[in-house]
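Heads up: the structure comes next, in structure tokens.
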Amino acid sequence: MNEKALNETLSFLKNKGLDRAEVGIILGTGLGKLIDEISIEQTVDYADIPNFPEATVESHLGRLVFGELAGKRVVAMQGRFHYYEGYSAQQITFPVRILHQLGIRFLLVSNAAGAVNLNFKKGELMLIKDHINLLPENPLRGANIEKWGPRFPDISCPYNQQLQDKLIEIAANENINLHRGVYAAVPGPNLETPAEYKYLKIIGADAVGMSTVPEVIVANHVGLACCAISVLTDECDPENLAPVEIPDILAQAAKAEPQLIRLTKKLITSL
Ligand code: HPA
């Protein structure tokens, strides 16, 4: 993605008056209900936005939602892009650059993930404290546009510590069981083999999924404070692996969604 494309997309959205967002939100699989809490001012379908990839996954709607949530101006991505859909890492993360240019100062990300740490159970939440990028592509590969961020960005604290601290505090006050752990991003679309779950555990992952890491890398590249929460939808026990049904993943995501929504709203209030 080049600067011309970025400017074209930005002008399109700014011409619709959508340039005063404070908080960006990326909603993961089965986690779209937060949208119902937003007093929506405007929505724009991805298909209508120049240079935006189009969402291809059924359980993901594809649109940007602008409005107010917990007293802040937010822009939410209802539907995100995944590597397994065939997009490049640069395409996947183009919307993050756009949201940043629209003025957001915080990026909140959610996803559905499998629990590799067997102390974590399905239906529970995990605050991502760090990640392992196992995707075969990096969104920053290629010519660096110095205006967008440094060639070799530091990523020693990929998830903003203050946001993490706030979420931990909110979870405690709200009686929400919020685990903390390392998220590994794999290309998908197949789930993992037992040997792969063993490997993920050995290398230090607590959860595994197919998203989030490219967006977080770009958020760090542009200097955007971000945080991410995984909804754990299945338990990845290599010794006792039950076949995963996608409807069950979606059902688990739906079960945990109200807690995630509460956390997100309180976090936004506190910003
Ligand atoms: N792997 C395993 N389980 C999952 C995943 C994944 O990528 N996403 C949600 N549950």
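Indexing begins at 1, ligand by ligand and atom by atom, following the structure's order.
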(request) Verify whether the ring centers belonging to Y46 and F81 lie closer than 6.0 Å. (result)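 Yes.
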(message) Please tell me whether Y159 and Q164 have a donor and an acceptor in their side chains that are separated by less than 3.5 angstrom.
(response)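 Absent: no donor and acceptor within the cut-off.
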(request) Determine whether more than 12 heavy atoms belonging to other residues, nucleotides or ligands lie under 6.0 Å from atom OH of Y199. (result)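 Atom OH in Y199 is not crowded, with 12 or fewer foreign heavy atoms closer than 6.0 Å.
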(request) Using a cut-off of 6.0 Å, state whether more than 12 heavy atoms not belonging to Q162 lie near its atom CD. (result)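 Atom CD in Q162 is not packed in, count stays at 12 or less.
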(request) Give a yes or no on whether V182 and L134 share a hydrophobic cluster (residues Ile, Leu, Val, Met, Phe, Trp, Tyr; joining criterion: side-chain heavy atoms under 4.5 Å apart). (result)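 Yes, V182 connects to L134 through the hydrophobic network.
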(request) Over all heavy atoms of both residues, which pair between K72 and T269 is shortest? Give the atoms and the distance, please. (result) NZ-O, 3.5 Å
Could you pull out the N/O contacts under 3.5 angstrom between ligand 1 and the surrounding protein atoms?
{"from": "ligand 1", "atom 1": "1 (N)", "to": "E192", "atom 2": "OE1", "distance (Å)": "2.6"}
{"from": "ligand 1", "atom 1": "3 (N)", "to": "D234", "atom 2": "OD1", "distance (Å)": "3.4"}
{"from": "ligand 1", "atom 1": "3 (N)", "to": "D234", "atom 2": "OD2", "distance (Å)": "2.9"}
{"from": "ligand 1", "atom 1": "10 (N)", "to": "G114", "atom 2": "N", "distance (Å)": "3.3"}
{"from": "ligand 1", "atom 1": "10 (N)", "to": "T233", "atom 2": "OG1", "distance (Å)": "3.2"}
{"from": "ligand 1", "atom 1": "10 (N)", "to": "D234", "atom 2": "OD1", "distance (Å)": "2.6"}

